[in-house]
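The basis for the numbers below is simple: all heavy atoms, side chains too, and nothing from hydrogens, waters or symmetry mates.
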Amino acid sequence: MSTLNKITPCLWFDTRAEEAANFYVGLFENSRILRVRRFGPGGPRPADMVLTVDFEIDGQQITALNGGPEFTFSEAVSLQVICDSQEESDHFWAALGEGGQESRCGWLKDRFGFSWQVFPAELDDLLDDPDPARAERAMRSMLSMTRIDLPEVRRAMDRA
């Protein structure tokens, strides 16, 4: 049995914890289901219904909980997917966004209503350009986007 990290995010679902965990594990490399725990008889939900799923996506351990309809996700909590390239960013943007809802600045909600930030790592370098005017143009460009488009951010930076 795998031991969870000392600090592990827990995502509260109504009934779709196992479905979500399987989706995330299938999307990210180096990912796996660690443990599925079920409700027993006499619990607050039907016996044998999934209670929690402990899983790992690319080294990050997470727990998904079928806690009931009392709570839902908000943009106040999200997971960041920092990508090595525009192509990788576009891949995760499309996959996580399918059946979900796009937002601004690389944020989206997946089909389960959970928020993600998807962006290429190079964006940080562009936003931290040593020339304050270029960095400002990069920021303005990024703030106008839904999906982060690095070539467009670069073009905006080069406009005088």
Side chains of Thr63 and Arg37 in contact at under 4.5 Å (non-hydrogen atoms): no
Arg104 versus Thr146, side-chain donor and acceptor atoms under 3.5 Å: no
Candidate list Ile62, Ile33, Leu34, test side-chain contact (heavy atoms from CB on, under 4.5 Å), partner Val53, passing option: Ile33
Glu152/Arg159 salt bridge by N-O under 4.0 Å criterion: yes
Pairwise side-chain contact, Leu79 with Gln117, heavy-atom cut-off 4.5 Å (strictly under): no
Ile148 side chain near Pro120 side chain, heavy-atom distance below 4.5 Å: yes
Distance (rounded to the nearest 0.5 Å) between Leu27 CG and Glu98 CD: 10.0 Å
Backbone of Glu87 reached by a side-chain donor or acceptor of Ser89 within 3.5 Å: no
Distance, nearest 0.5 Å, that separates CD of Glu70 from CG of Asp14: 8.0 Å
Asp158/Arg134 salt bridge by N-O under 4.0 Å criterion: yes
Pair Asn66, Thr15: side-chain N/O donor-acceptor within cut-off below 3.5 Å: no
Test side-chain contact (heavy atoms from CB on, under 4.5 Å) applied to Val81 and Phe28, step by step: CA-CA 10 Å; Val81 182; Phe28 293 92; 3.9 Å; yes
No-hydrogen, no-angle side-chain donor-acceptor test under 3.5 Å, Glu75 and Ser115: no
side-chain contact (heavy atoms from CB on, under 4.5 Å) evaluation trace for Phe73 with Leu11: CA-CA 8 Å; Phe73 298 121; Leu11 309 182; 4.0 Å; yes
Hydrophobic cluster membership, Trp107 vs Phe112, 4.5 Å side-chain cutoff: no
Side chains of Pro9 and Gln60 in contact at under 4.5 Å (non-hydrogen atoms): yes
Note, Asp110 side chain near Trp116 side chain (heavy atom, < 4.5 Å): yes
Gap separating the CG atom of Asp54 from the OG1 atom of Thr8, nearest 0.5 angstrom: 8.0 Å
Min side-chain heavy-atom separation Phe114-Leu96 under 4.5 Å: no
Carboxylate-amine/guanidinium contact Lys109 Glu102, below 4.0 Å: no
Charged N-O contact under 4.0 Å between Glu56 and Arg35: no
Pair Asp131 + Arg137, salt bridge at N-O below 4.0 Å: no
Glu122/Arg154 under side-chain contact (heavy atoms from CB on, under 4.5 Å): CA gap, chis, key distance, verdict: CA-CA 10 Å; Glu122 184 185 342; Arg154 287 189 211 103; 3.0 Å; yes
Min side-chain heavy-atom separation Phe13-Leu65 under 4.5 Å: no
Polar contact flag, side-chain donor to acceptor under 3.5 angstrom, Asp90-Gln86: yes
Side-chain heavy-atom pair Phe119, Cys83 within 4.5 angstrom cut-off: no
Atom pair CD1/CG of Ile82 and Asp124 - distance to nearest 0.5 Å: 7.0 Å
Derivation of the side-chain contact (heavy atoms from CB on, under 4.5 Å) call for Leu51 and Arg45: CA-CA 9 Å; Leu51 170 62; Arg45 312 247 8 219; over 6 Å; no
Donor-acceptor pair, side chain of Glu136 and main chain of Pro132, under 3.5 angstrom: no
Lys/Arg cation over aromatic Phe23: Arg111, 6.0 Å, 45° cone: yes
